[in-house]
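Written out below as structure tokens is the structure these notes cover.
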Amino acid sequence: MTFDAVDSWWWPFLFILVGGWLATDAWRFLGVYLGDRLSEDSDLLVLVRALATALVAAVIGNLIVFPSGALVDTALTLRVGAAAGGFAAYLLLGRKILVGIIAAEVILLVGIWVF
């Protein structure tokens with residue numbers, strides 16, 4: 001079965017829905033199934049946590065270095081400064097993720113407004 005197999009208006013939506021569901025929910029079910037059997041300090045869970053953190057860092061780095069949308073019009077130094085400022089706020093203000101995100105957004109928005 002391919003994307004072009006059915007010539008109906010609803011087929012692409014169903015194809016994406018089923019394909020997206022299969023790609024994500026299989027891993028969710030596996031995680032739930034194995035979650036009770038793994039210790040939080042096990043080597044496998046530490047590896048999974050490290051890989052997930054690395055993937056998030058890669059996506060953020062990609063957005064900073066190769067932006068799209070409205071970020072294309074901002075300077076690289078502003079994007080790097082906003083990320084660094086958000087990380088500094090995260091560390092200095094109690095290690096709260098929301099605080100770091102809001103600080104980075106404020107720095108970015110002020111930088112866009114000023115420059």
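Keep in mind that what you see is a predicted model, and the values were worked out from it rather than measured.
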Counting only pairs under 3.5 Å, give me each side-chain donor-acceptor contact of residues 48-61, with atom names and distances, residues two or more places apart or in other chains.
{"residue": "Arg49", "atom": "NH2", "partner": "Glu40", "partner atom": "O", "Å": "3.3"}
{"residue": "Thr53", "atom": "OG1", "partner": "Arg49", "partner atom": "O", "Å": "2.9"}

Name the atoms and distances for all side-chain donor-acceptor pairs under 3.5 Å in residues 63-76, with sequence neighbours left out.
{"residue": "Thr74", "atom": "OG1", "partner": "Leu71", "partner atom": "O", "Å": "2.6"}
{"residue": "Thr74", "atom": "OG1", "partner": "Arg79", "partner atom": "NH1", "Å": "3.3"}

Listed pairs under 3.5 Å, donor-acceptor, residues 102-115 side chains, sequence neighbours left out:
none

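Remark: Trp10 CH2 to Leu17 CG distance equals 12.0 Å, nearest 0.5 Å. A distance of 4.5 Å separates CG in Asp41 from OG in Ser39, rounded to the nearest 0.5 Å.
Under the salt bridge (charged side-chain N to carboxylate O under 4.0 Å, His left out) criterion, Arg95 pairs with no residue, sequence neighbours left out. Taking the salt bridge (charged side-chain N to carboxylate O under 4.0 Å, His left out) definition, one finds that Asp25 meets it with Arg28, sequence neighbours left out.
Cluster annotation: Leu44 and Val32 are assigned to distinct hydrophobic clusters (Ile/Leu/Val/Met/Phe/Trp/Tyr, side-chain heavy-atom contacts under 4.5 Å, transitive). Leu38 and Leu30 are not part of a single hydrophobic cluster, where members link through side-chain heavy atoms under 4.5 Å apart. There is a path of hydrophobic side-chain contacts, each under 4.5 Å, that joins Trp9 to Val6.
Other members of the cluster containing Ile101 are Phe87, Tyr90, Leu91, Ile97, with ILVMFWY side chains joined at under 4.5 Å, either directly or via other members.
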